[in-house]
Participant: 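Just passing along the structure, written as structure tokens.
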Amino acid sequence: MKSKSASSWSAAKSEELYGFKRWGAGHFGVDSDGFVNVQPLADGRSIRIMDVVDEALGMGLKAPLVIRFQDLLRHRVIQLNQVFHQAIKDEGYKGSYRGVFPIKVNQLREVVDEIVTAGKDYTYGLEAGSKPELMIALAMHEGANRLIICNGYKDHDYIRLALLGRKIGKKIILVVEQLAEVDDIIKVSAETGVKPMIGFRAKLLTRGEGKWAMSTGDNAKFGLNTAEILFACEKLRAAKLGSCLRLVHFHIGSQVPNIITIKNAVIEATRFYCQLAKMGFPMGYLDVGGGLGIDYDGSRTNFESSMNYTMAEYARDVVANIRDICKASHVAVPDIVSESGRAVVAPHSMLVVEVFERINKRETLGVQHQPKVKHQVVIDLEQMHKNKAKLGRLERFHDAMQKKEESFSLFNLGYLDLENRAAAESIFWQICEQLAKECRDAGYVPEELHDLNRLLADQYVCNFSVFQSLLDHWALKQLFPITPLHRLKERPTVNAILADITCDSDGKVSSFVDLQDTKDYLAVHPLNAKPYYLGIYLTGAYQDIMGDLHNLFGRVNEVHVFLEPDEPDGFYIEEALSGSRISDVIEGVQYQWEELCRRMKAQIDAATRKDLVKPREGVRLVEFYESQMLSKTYLNIEPKTARKSRK
Ligand SMILES: *Cc1c(COP(=O)(O)O)cnc(C)c1O
């Protein structure tokens, strides 16, 4: 693309460039003033995200900041239920939909609370994968007709808890993941005199696709193979609990990008269901697990960060395939349970980070050092830079790389002084930039030269920790859409990767969503004197709880936002949660912050006695240390008068 003047840019072009319409599912866009806005209900009522950031700032909550749009969360719950209801109606399906929210995907009370409330009219239930989650599910769950599905490894107490639920009238189903659990359930049931509702998790041979493909197949961690299912049936019959078998379950892994995988798994599981029904078990429920995806890059493909189907298509395929197989087998159709977690919660929350520093190779290196005595390697590089017309681009790139290597070897052997090394580096980058510029105007660009833009990308240092707030990006290379939150009327002229503030070279984001595969850098604006904010979207699934305390960066600030047409900016912050203080994270690693303060005071007192500090100053130092204990773990970025990049 030929470069155009800055004035030819517009908010609409930014909306297109960052793909808001493709991954935003009707919720995210850019307004004509160049600000990102969110429509929590996709109904035209919008909130400018910078207004939320400003209001949070007014409450003393700086970035990094998690924003939860509670209406958007409610919207997703309703949407999921409605697409299933529609599919059931359209396909003439005789059963009903009885979805459950898997608590593991986001356990926060406000999230689970909102989901339980939103699902009230839809008999939407909860799924637990561990004892602590079951404790939450039991207490938060309402209504005798909404299911609780119990997955995961179970000890006797887990089973006792589920039977407690049964006893007080809840529809709670224990899903057998391992053969031995059947014996445990039989035992605890006899001990308590409560009849359980039981499901079997089938180990499907249908292969998953995407990052979690190992969730099925012969070596999967969970589920019963065919022989084990038959054993389990015999055990239940022998214990006179045959009438308790109600459900077949499968889960082929999260973020399934390809609808074909889902169809095949549904078909295989329905066969299991029909066989068990024909053996005379009462059955009644088929649970299709999770896996419903999120189109993080908006490409609508079976790429791992995307999905080649819509939520509505998913529901139709699940419903139609179950119906067809049941019909062929002359078995009454079951009620359909699904455990979609990611698809329900991912869109409702986002992370806001502030960029506070630009690290730019070209600005530091562009000012060329003039060595007193130029080394031959510098002279050679200068020649290359000047005689650009002589050779092809790829050849010049190779030559320049070779000279750069040569200059490093010479330096290490002691033949090149600092001045000459600096000159060599700087000319090398100038050549790279020259080549990158030429490539921009060229048609075909060889693979190696594509790398130039990555090599030349700036680093934008952001006040956050990838390990706390974006763990799946680090652990699984999962992509999230990222954009500036403002200034979108300006052309973004800088290509950057994002670095976090941990002392870990992995603490960065250097892979971004793109329609074709992925991109190595993000288009951003040059920094100026005002704060610059980026939004990282669709972070509501899994990230909240997976985050860790690397470098002791703790939980970030958080606000929960509701639409409110009567408020000036169309919203209000219902709840504001202050992030971890230094004292909090320190206690988490077994220090007592009061004890640290005492020790520090003793040392400052000793220094005062030795006259290293004056008494009055000593008191101030103690106070300062103590006040820092109660401050946040992230950088306290002071407003700058003139924000400069390193020069
Ligand atoms: C994790 C998990 C889910 C949720 O999967 P999503 O892909 O997030 O919808 C559902 N069921 C089981 C058994 C799980 O382990």
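Excluded from the calculations below are hydrogen atoms, water molecules and symmetry mates; all remaining heavy atoms, backbone and side chain alike, are included. Counting convention: from 1, in listed order, for ligands and their atoms alike.
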Participant: With the threshold set at 4.0 Å, does a side-chain nitrogen-carboxylate oxygen contact exist between Lys187 and Asp184?
Facilitator: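 No, this pair does not count.
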Participant: For atom 7 (O) of ligand 1, what is the nearest protein heavy atom, given as residue, atom name and distance?
Facilitator: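 Looking only at protein heavy atoms, the one closest to atom 7 (O) of ligand 1 is Ser254 OG, 2.5 Å.
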Participant: Under 4.0 Å, counting heavy atoms only: does Ala343 come that close to any atom of ligand 1?
Facilitator: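 In this structure, Ala343 fails to qualify as a contact of ligand 1 - no heavy atom is under 4.0 Å.
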Participant: May I ask you to identify the nearest protein heavy atom to atom 14 (C) of ligand 1, giving residue, atom name and distance to one decimal place in Å?
Facilitator: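 Protein heavy atom with the smallest distance to atom 14 (C) of ligand 1: Lys104 NZ, 2.9 Å.
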Participant: Write out the residue and atom name of the closest protein heavy atom to atom 11 (N) of ligand 1, then the distance separating them to 0.1 Å.
Facilitator: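 For atom 11 (N) of ligand 1, the nearest protein heavy atom is Glu339 OE1, 2.5 Å.
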Participant: With a cut-off of 4.0 Å, which atoms of ligand 1 are near a heavy atom of Arg342?
Facilitator: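 Counting from 1, the qualifying ligand atoms are 6 (P), 8 (O), 9 (O).
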Participant: What are the atoms of ligand 1, with element, lying closer than 4.0 Å to any heavy atom of Asn151?
Facilitator: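 Reading through ligand 1 atom by atom, the close ones are 13 (C).
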Participant: Could you tell me if any non-hydrogen atom of Gly291 lies under 4.0 Å from any atom of ligand 1?
Facilitator: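 So Gly291 counts as touching ligand 1.
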Participant: Could you state the interatomic distance from NE2 (His75) to CZ (Phe69), rounded to the nearest 0.5 Å?
Facilitator: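 If I round to the nearest 0.5 Å, the distance is 14.0 Å.
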Participant: Is Ser340 near ligand 1, meaning one of its heavy atoms is under 4.0 Å from it?
Facilitator: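 A heavy atom of Ser340 does come that close to ligand 1.
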Participant: Quick check on contacts: which atoms of ligand 1 are under 4.0 angstrom from a heavy atom of Pro102?
Facilitator: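 Per the distance check, 4 (C).
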Participant: Can you confirm whether the side chains of Thr502 and Ser465 place a donor and an acceptor under 3.5 Å from each other?
Facilitator: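 No.
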Participant: Do Tyr158 and Ser130 pair up side chain to side chain, a donor and an acceptor below 3.5 Å, judged on atom types alone?
Facilitator: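 No, because no side-chain N or O of Tyr158 sits under 3.5 Å from a partner of the opposite role on Ser130.
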Participant: Among side-chain atoms of Tyr122 and Gln82, is any donor-acceptor pair under 3.5 angstrom?
Facilitator: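 Tyr122 vs Gln82: donor-acceptor pair found between side chains.
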Participant: Roughly how far, to the nearest 0.5 Å, is the CG atom of Asn258 from the CD atom of Glu304?
Facilitator: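 Separation between the atoms: 13.0 Å.
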Participant: Nearest 0.5 angstrom please: Gln468 CD to Leu351 CG, how far?
Facilitator: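 Reported to 0.5 Å precision, the distance equals 10.0 Å.
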Participant: Side chain or backbone of His251 under 4.0 Å from ligand 1, or both, or neither, by non-hydrogen atoms?
Facilitator: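 Side chain only.
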Participant: Could you tell me whether Lys235 and Asp183 have a side-chain N and a carboxylate O separated by less than 4.0 Å?
Facilitator: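 Yes.
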Participant: Does at least one non-hydrogen atom of Tyr542 fall below 4.0 angstrom from an atom of ligand 1?
Facilitator: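 Flag set, Tyr542 near ligand 1.
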Participant: Specify the protein heavy atom at minimum distance from atom 9 (O) of ligand 1: its residue, its atom name, and the distance to 0.1 Å.
Facilitator: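 Answer, as residue, atom name and distance: Gly341 N, 2.7 Å.
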